[in-house]
Amino acid sequence: MKEWTKQHILGIKDLSRDEIELVLSQAQAFKEISQREVKKVPALRGKTVLNLFFENSTRTRTSFELAAKRLSADVINFSSSTSSLSKGESAVDTVKTLNAYHPDIMVVRSVSSACLYDFDKYTQASIVNAGDGQNEHPTQALLDMFTVKEIKGTLEGLNVLIVGDIRHSRVARSNIFAFHKFSSQTTVCAPPTFIPYEFDKLGGVEVSYDLDEVIGKADVIIMLRIQQERQNSSFFPTIREYVDKFALTGARLAKIKKDCIVLHPGPVNWDVEISSAIKDKVHPLILKQVENGLAIRMACLYLVGTNKR
Ligand code: NCD
């Protein structure tokens, strides 16, 4: 297997298939650490990880923090709601200020990708993208792939169905790029207003407006939340209509292939994208994704943090 040479992890688009496989196998090796009595290894001892979150997060922020700690790094957590951003300090000044602590890795969740790519000018640290606006969320796609591989034993030749607010979803974009690299077919399914025109050109992507027509062919279904915070106009008539056509319900679950798996990046809006009546059936795997997210983030921090570039 090839050696890791990248300084940053900015998007799945920039990663080769070999590099994705390297992250997945490193995560596999790290997963076991979380089952030990002493859940810590010295892999990043003496390194400093700065978690810079300009947008809200539960899973991604806590898992990056825990990942850094499990690898024995020193961790600084910044979140915009509790910082001097609320006193008017700009994002760039915040990066410059925190860079004065000489971090080795900056994990950044930003409101736009322009912002994320700009930060590189102000730091020598490796940057790991924890979600840049509507663009990419590479570690989410990596943990989704890890989970799929763990259950299905392969990432190749699968039919991956992504349902919901594709337009505003960085998770959809990163997963489309990721599965395409493994020759898996992606279908996006949503109301037309939730599917951007450029998706026809992404390669390997089919578009459907009818969930009942495509659900039975899927090997993997990724359900997505409606990103209310990223839209200032209504993209569908009513929630009721959306639920009727695009929610995963008991009736639709009965139509999926026997070995099809259902994923969701969280947070789930129960009774919008997934009916709460089937929570017992789908929640365990969604929580497994959270568990796998820790191993993936340990792998990402370790690979960029120990890379001898
Ligand atoms: C996703 C995100 O932030 O893009 N969540 C996550 O990272 N677990 C998806 C979402 O917020 O709906």
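Atoms within each ligand, like the ligands themselves, are counted from 1 in listed order.
Salt-bridge check for Arg252 with Asp212: passed, with a basic side-chain N closer than 4.0 Å to an acidic carboxylate O. A salt bridge does not link Glu206 with Lys217: every distance from a Lys NZ or Arg NE/NH1/NH2 to an Asp or Glu carboxylate oxygen is 4.0 Å or more.
From the protein, the heavy atom lying nearest to atom 3 (O) of ligand 1 is Arg170 NH2, 2.9 Å. Counting protein heavy atoms only, atom 11 (O) of ligand 1 is closest to Arg225 NH2, 3.0 Å. Closest to atom 8 (N) of ligand 1, if we only count protein heavy atoms, is Pro265 O, 3.0 Å.
Between Pro267 and ligand 1 there is a heavy-atom distance shorter than 4.0 Å. Between Gly266 and ligand 1 there is a heavy-atom distance shorter than 4.0 Å. A heavy-atom separation below 4.0 Å is found between Gln227 and ligand 1.
Of all heavy-atom pairs spanning Leu158 and Thr154, the tightest one is CD1-O, 3.7 Å.
Each of the following atoms of ligand 1 lies closer than 4.0 Å to a heavy atom of His137: 2 (C), 4 (O), 6 (C), 7 (O).
Lys152 places a side-chain N or O within 3.5 Å of a backbone atom of Asp259 that can act as its donor or acceptor partner. Panel note: side chain Asp271, backbone Ser275; no donor-acceptor pair is recorded below 3.5 Å.
In Gln289, neither the side chain nor the backbone holds a heavy atom less than 4.0 Å from any atom of ligand 1.
Between the side chains of Ser183 and Glu156, no donor-acceptor pair is found at a separation under 3.5 Å.
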